[in-house]
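First comes the structure, then the notes that go with it.
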Amino acid sequence: MSQNSIDSLLSETRRFAPSDEFAAQSVAAPDIYERAKEDRLAFWADRARELHWHSPFTETLDWSNPPFAKWFADGRINVAYNCLDRHVLAGNGDRVALHWEGEPGDSRSYTYAELTAEVKRAANVLLGLGIGQGDRVAIYLPLIPEAVIAMLAVARIGAVHSVIFGGFSSDSIRSRVADASARLVITADGGWRKGKVFPLKSAVDAALAPADGAEPTTVTDVLVVKRGENTVEWTEGRDHWWHEAVAAAEPEHEAEGFEAENPLFILYTSGTTGKPKGILHTSGGYLTQAAFTHRNVFDLHPETDVYWCTADVGWVTGHSYVVYGPLANGATQVLYEGTPDTPHAGRWWEIIQKYGVSIFYTAPTAIRSFMKIGRQVPNDFDLSSLRVLGSVGEPINPEAWIWYRDVIGHGETPIVDTWWQTETGAIMISALPGITAAKPGSAQTPIPGIVIDVLGDDGTRVDPPRGGLLVVSEPWPSMLRGIWGDPERFIETYWSKFSKDGVWKYFAGDGAHVDADGDITLLGRVDDVMNVSGHRLSTTEIESALVSHKIVAEAAVVGAADDDTGQAVVAFVILKSNQADAQTADEASALLRSHVSDRIGAIARPKRVFIVAELPKTRSGKIMRRLLQDVAEGRAVGDTTTLADTSVMQIITDKVR
Ligand code: 6R9
C-alpha cells in the first residue's frame, strides 16, 4: 500500500454504529465477546455442537504436537450431510439453496432437497469410479452448480478436493494434479466469460498428456460437464460425460461419518517461493468456523436473507463463503457464472434486484472498478433489499468503503471488512454488523474465540498506536493442518518466526497497525507475495515463468501500487545478449506478457514488462526489489548504498520514465 493511503487510513475518524433496529435483530448478542473470552475452548465446542455429529466428540483441542492441531478429533462428522440432508430432515427441503445465473442469461435454481439429490447421485458416480476416503479429486470448472455439487460429492464420500481456478493454465493444472497425486479430474467442455465460451477440457488434456521429464499422470478418469457446447477431444476409457454418469447413478446414498480430522480439501496458494503451497484443511473444525463466521459476520437470517458472495470456487473465499459456510447454515444464495460487465455494466446490480439480495460480499478491486464507472450505473437498479455488505481480499481504502456504503448500501448498511487467508480457512478479523461501530478502512476486531496480536520484529506486542506484524496467538478451529506433503515448509513458513519456549505463534505475512481503540488495520503483505485484485501471486513464481522463456536471461518482479487492482505485476527483464537486437523492447515485452499468461494464467500477466540492461543487486547478488518498486511506483529511488553498482538505478530510472 502507498504511504498516502496508509496515512489516510490512519487518520480516519468517521464511525458508523449499527442502527437500533439492526442491533435489535442481530444474530450475535453483544456479550458474545465476553462469553468467548471466559472459556475459549468451551465457546468453540458449543459452536461445533451446532453442527450434526455422527458421533459426538469429547475432546475440543489436541495441541500436544504443535503446530499440528487436532480439533474435535474423536468425533465423527460428514461435511456434506451438514450442508444438505440436515436441512431437508429439518423440514427445509423446499428452501432454495442456489439461484444460479449463467452469464448468457440462462438460470437454474436448486432447493435443498434437489441439491441433496444431485449430490447423492454424484457421490455414487465417484464411488463407481473407485474413488474413496482420502483420494484426491481435482476440480477445474466454471462457476456453475456442478462445481458446488462436485465439491460436496467429494466431501460426502470422505475424499479430498483440490479446486483449481478455471483461469489457470495447463502447466498449473499439471503441477497441482501431480503434487496431490489426484486420481480424477472433474472439468467442463467450457464456461462463459465476457460473452464468449472459454475452453477448459483442452487445458486438462494438455495437463495430463505425457511430457518430457514429467512423471506419468496419476489421473485415471476425467468427468466432463457439458456447459459450453464446445467440441472436445475425447480419450476413450478415461473421459466420461458427467450428465450421463449422473443419470445412470443410483439416487440413494447414505452419508457416513468420518473422523473430524479427515482431510476435506487442498487449495494451492502462492507463497514466497516459486512452488505453490497445497494448503490442507480438514473437516470438523473447518466447518465449525466457516459456519459460525458466516452466520455472525453477515448476520444471516436463513429464513429470509438472500446471500451473494461473488467469489469463484477456485479461491478460498468460494470454498468457505460460497459452499461450506452458507450451505451449512441453510442459506439461500446466488451464484453467478460470468463477469460483472457482461452484457452491460450493471449486470451485478441487475442480479441483486432480480433475486432481492440482502447480503453481498465482494472484493475492493471490484468496488474500485465500479467507482470509476460512476454511481449512475447502480443508481438505475433497485438495491433496497441490501442490508449487509462485506469486503475481502485486500485492504479497502476509506474512499471505497464510503462509496460502497453510500452508493450500494443506500447510505445505511453496515460494512464488514473481513481479514483472513487461505491458511486461516475462515474469517479471523471483522466487525460484527449488529454490534461494532464501523470504522472505514479497518478490519477492526478479532472475531469471538480468535486471539490476534501485532508484534514488533523482536516478538513483543507493539504499544498502540503503532504498526507491526500480524500473528495469531492461539490455535483456531479452521486453521490449516499443514502444507500437503511438506511438513517442514509448514513449520518454516508460518511458525518459525515468532514461536519460542513452547509458545507457538502463527505468522500471517501481513503488516498491521493497531490504533488507540485497539482496532486493527491491515497494511498488506510484508513478504514477496503480491495481491492483485485480491488474488495472491508470488514474485518468484512469475520470475520463474519469465526466465523459462528462451529470450530471457534474468527477471525481477515487483507488485506496484495500482488504483484499480490494488497492486499490479511489474517485471524488469534482461534479455539474452543474442536477443537484444533481434526484436524491439515492445515486441519482447508483449511476448513475455503472454508467455506468463500461458504458463500461470491470465491473472499473473504483468501489467508492464520493462526490458533493462541490468538489475540492482547487492554485493552478495540479491536483487533489491524494493528499489524496483520505487521505480515502478514513480517514487524517488530509496537508499542505494548497498548496491554493488550504484549507477544501475539511474540507468533503469532513465529507461522507465
Ligand atoms: C481470503 C483471502 C490472503 C491475503 C492476506 C492479506 C490479504 C485478505 C484482507 C486482506 C486486508 C482484508 N487480505 N483479506 N488484506 N484486508 N480484509 O483473500 O485469502 O487469497 O489466501 O489471501 O489477502 O494480505 O494475507 P488469500
Side-chain angles (χ1 to χ4, degrees), residues 1 5-6 9 163 165 167-168 265-272 276-281 286 289-290 293-294 297 309-325 361-368 389-398 400-401 404 415-431 438-447 452 454 467 469-472 478-480 483 493-494 506-513 519-538 559 565-567 603-604:
M1 210 187 305
S5 42
I6 293 174
L9 271 171
V163 182
F165 173 58
F168 279 135
F265 66 85
I266 304 168
L267 186 59
Y268 287 84
T269 189
S270 297
T272 53
K277 303 175 281 199
I279 303 300
L280 175 67
H281 283 285
Y286 170 79
Q289 195 174 330
T293 50
H294 179 258
V297 170
C309 166
T310 62
D312 189 276
V313 292
W315 310 109
V316 74
T317 307
H319 284 60
S320 304
Y321 298 105
V322 174
V323 181
Y324 294 111
Y361 191 29
T362 194
T365 184
I367 299 162
R368 286 193 303 267
L389 301 177
S391 173
V392 63
E394 52 176 318
I396 177 166
N397 45 311
W401 197 103
Y404 195 22
I415 295 182
V416 285
D417 175 12
T418 62
W419 177 89
W420 59 295
Q421 309 177 297
T422 306
E423 293 86 342
T424 69
I427 294 170
M428 301 292 278
I429 307 177
S430 171
K439 193 181 275 185
S442 174
Q444 297 189 279
T445 317
I447 63 155
I452 300 272
V454 177
L469 301 171
L470 190 83
V471 300
V472 188
S478 63
M479 66 195 286
L480 76 166
I483 294 176
T493 308
Y494 303 108
Y506 169 90
F507 173 49
D510 277 336
H513 181 275
D519 284 327
I520 299 170
T521 294
L522 277 303
L523 301 175
R525 302 289 307 188
V526 295
D527 52 18
D528 291 336
V529 175
M530 296 172 285
N531 190 326
V532 178
S533 299
H535 300 316
R536 272 164 72 170
L537 296 169
S538 134
T565 55
Q567 283 190 308
I603 46 163

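Both ligands and their constituent atoms are indexed starting at 1 by order of listing. Worth saying up front: this structure is predicted, and the values here are computed from it rather than measured. Heavy atoms only: backbone and side chains are in, while hydrogens, waters and symmetry mates are out.
- Minimum interatomic distance between I520 and A512 (heavy atoms only, all atoms of both residues): CG2-CB, 4.0 Å.
- Interface of T317 with ligand 1, defined as ligand atoms under 4.0 Å from a residue heavy atom, comprises 1 (C).
- Under the rule for a side chain to side chain contact (heavy atoms under 4.5 Å, CB included), the partners of F168 that lie at least two apart in sequence or sit in another chain are I164, F165, S172, R176, W315, I600, I603.
- By the 4.5 Å heavy-atom criterion applied to side chains, V416 and L389 are not counted as neighbours.
- Residue T418 has at least one heavy-atom neighbour below 4.0 Å for each of these atoms of ligand 1: 9 (C), 12 (C), 14 (N), 17 (N).
- Against a heavy-atom cut-off of under 4.0 Å, V316 is close to the following atoms of ligand 1: 1 (C), 19 (O).
- By the 4.5 Å heavy-atom criterion applied to side chains, Q289 and M479 are not counted as neighbours.
- Inclusion of E423 in the set of residues having an N or O under 3.5 Å from an N or O of ligand 1 is not warranted.
- Residue contact annotation: P395 has a non-hydrogen atom under 4.0 Å from ligand 1.
- Residue I429 does not touch ligand 1, judged by heavy-atom distances below 4.0 Å.
- What sits closest to atom 24 (O) of ligand 1 on the protein, heavy atoms only, is D510 OD1, 2.7 Å.
- Using a 30° and 60° split on the angle between ring planes, Y286 and H281 fall in the tilted class, from 30° to 60°.
- Close approach to N531 involves these atoms of ligand 1, each under 4.0 Å from a residue heavy atom: 7 (C), 23 (O).
- Each of the following atoms of ligand 1 lies closer than 4.0 Å to a heavy atom of V392: 1 (C).
- Judged by distance alone, the side chain of R536 and the main-chain N or O of S270 form a donor-acceptor pair under 3.5 Å.
- Scanning both residues, T293 and A426, for their nearest heavy atoms gives OG1-CB, 4.0 Å.
- Closest non-hydrogen pair, T418 versus S430, comes out as CG2-OG, 3.6 Å.
- Scanning all protein heavy atoms for the shortest distance to atom 2 (C) of ligand 1 gives W420 O, 3.8 Å.
- Of the possible donor and acceptor atoms, one in the side chain of S320 sits under 3.5 Å from a partner among the backbone N and O of G425.
- The side chain to side chain contact (heavy atoms under 4.5 Å, CB included) search around N531 returns E394, Q567, not counting sequence neighbours.
- No side-chain donor-acceptor contact under 3.5 Å links Y321 to the backbone of A311.
- If you number the atoms of ligand 1 from 1 as listed, the ones under 4.0 Å from a heavy atom of G393 come out as 7 (C), 8 (C), 9 (C), 10 (C), 13 (N), 14 (N), 18 (O), 23 (O).
- Considering backbone and side-chain atoms together, T269 places no N or O closer than 3.5 Å to any N or O of ligand 1.
- Closest heavy-atom approach to atom 19 (O) of ligand 1 within the set L267, T422, I279: this belongs to T422.
- Counting heavy atoms under 4.0 Å from ligand 1, residue Q421 touches it through both backbone and side chain.
- In terms of protein heavy-atom proximity, atom 22 (O) of ligand 1 is nearest to R536 CD, 3.0 Å.
- Heavy-atom distances between W419 and ligand 1 reach below 4.0 Å in at least one pair.
- In terms of protein heavy-atom proximity, atom 12 (C) of ligand 1 is nearest to E394 O, 3.5 Å.
- Neither the backbone nor the side chain of V529 has a heavy atom within less than 4.0 Å of ligand 1.
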